[in-house]
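Okay, so here's the structure we're looking at.
What you see below is based on every heavy atom in this structure, not just the backbone, and it leaves out hydrogens, waters and symmetry mates.
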Amino acid sequence: MSTCDNPSSIHPGSLAVLRDRIVVDLDLPEQRRRNIASALSGLAKALGRPLDALPTEPGALRALMANRSAAQMGFQPGRWRNIRSLLSSALARVGLVQLPARFDTPLSLAWAALLKKVLPQDARFRLARFGRWCSLESIAPEE
């Protein structure tokens, strides 16, 4: 059993508490726990605040990180993406955010036929998600 058996009941108030909960979550592989702990520490250092002074409230974290590039935070772009991804994973792990799931609903025949007529493949790709949503909601192209 892990400490995150019921993630929705866990509401850490700071990134320090979040980090502590992730570190002892035995349902996560050890390397993943270390990566998340490192990402949280790196974020705190880049923001110039201790982990216990950083909130876990997603809106507050977004505001702290808003419009900051990897360079401004002192990271390479790949590391900055990883930090943000690992932060999201940690918040999702304890039920504070819900990560978007893959949207795999198939296109209806009418939407598939319509999108087949779209010539540039990139445009077809971009419109397909909308077509899948409409298919899920039983909205025909002519509607």
Under a 3.5 Å distance rule, please check whether [X] uses its side chain to pair with a backbone N or O of [Y] as donor and acceptor.
{"X": "S135", "Y": "S108", "answer": "yes"}
{"X": "S85", "Y": "R81", "answer": "no"}
{"X": "E57", "Y": "G59", "answer": "yes"}

Please examine the side chains of [Y] and [X], heavy atoms only from C-beta on, and report whether any two atoms are closer than 4.5 Å.
{"X": "L114", "Y": "L127", "value": "no"}
{"X": "R33", "Y": "L26", "value": "yes"}
{"X": "R19", "Y": "I36", "value": "no"}
{"X": "L61", "Y": "L91", "value": "yes"}
{"X": "R84", "Y": "L43", "value": "no"}
{"X": "L47", "Y": "R68", "value": "yes"}
{"X": "Q72", "Y": "N67", "value": "no"}
{"X": "P50", "Y": "K45", "value": "no"}

What distance separates [X] [atom1] from [Y] [atom2], expressed to the nearest 0.5 Å?
{"X": "R132", "Y": "L115", "atom1": "CZ", "atom2": "CG", "value": "9.0 Å"}
{"X": "S88", "Y": "I83", "atom1": "OG", "atom2": "CD1", "value": "12.0 Å"}
{"X": "L18", "Y": "L87", "atom1": "CG", "atom2": "CG", "value": "7.5 Å"}
{"X": "M65", "Y": "L54", "atom1": "CE", "atom2": "CG", "value": "10.0 Å"}
{"X": "I22", "Y": "L40", "atom1": "CD1", "atom2": "CG", "value": "7.5 Å"}
{"X": "W111", "Y": "L136", "atom1": "CH2", "atom2": "CG", "value": "13.0 Å"}

Which heavy-atom pair separates [X] from [Y] by the least distance, and what is that distance?
{"X": "A70", "Y": "P77", "answer": "CB-CA, 3.6 Å"}
{"X": "V118", "Y": "A123", "answer": "CG1-CB, 3.8 Å"}
{"X": "E143", "Y": "S138", "answer": "OE2-O, 4.1 Å"}
{"X": "P55", "Y": "L64", "answer": "CD-CD1, 4.2 Å"}

Worksheet item: Ion pair present between D25 and R21, side-chain N to carboxylate O less than 4.0 angstrom?
Response: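 No salt bridge links D25 with R21.
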
Worksheet item: Tell me the ring pair (Phe, Tyr, Trp, His ring centres under 6.0 Å) pairs involving residues 60-84, sequence neighbours left out?
Response: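 The answer is F75-W80.
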
Worksheet item: Got more than 12 heavy atoms from elsewhere within 6.0 Å of CD, Q76?
Response: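 Atom CD in Q76 is not packed in, count stays at 12 or less.
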
Worksheet entry | R49, CZ atom: more than 12 neighbouring heavy atoms under 6.0 Å |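 Not buried by this count: 12 neighbours or fewer within 6.0 Å.
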
Fill in: Partner set under side chain to side chain donor-acceptor pair (under 3.5 Å) for R32, not counting sequence neighbours
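S89.
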
Worksheet entry | S14 and L51: CA distance, side-chain angles, deciding distance, side chain to side chain contact (heavy atoms under 4.5 Å, CB included) verdict | CA-CA 7 Å; S14 72; L51 279 172; over 6 Å; no

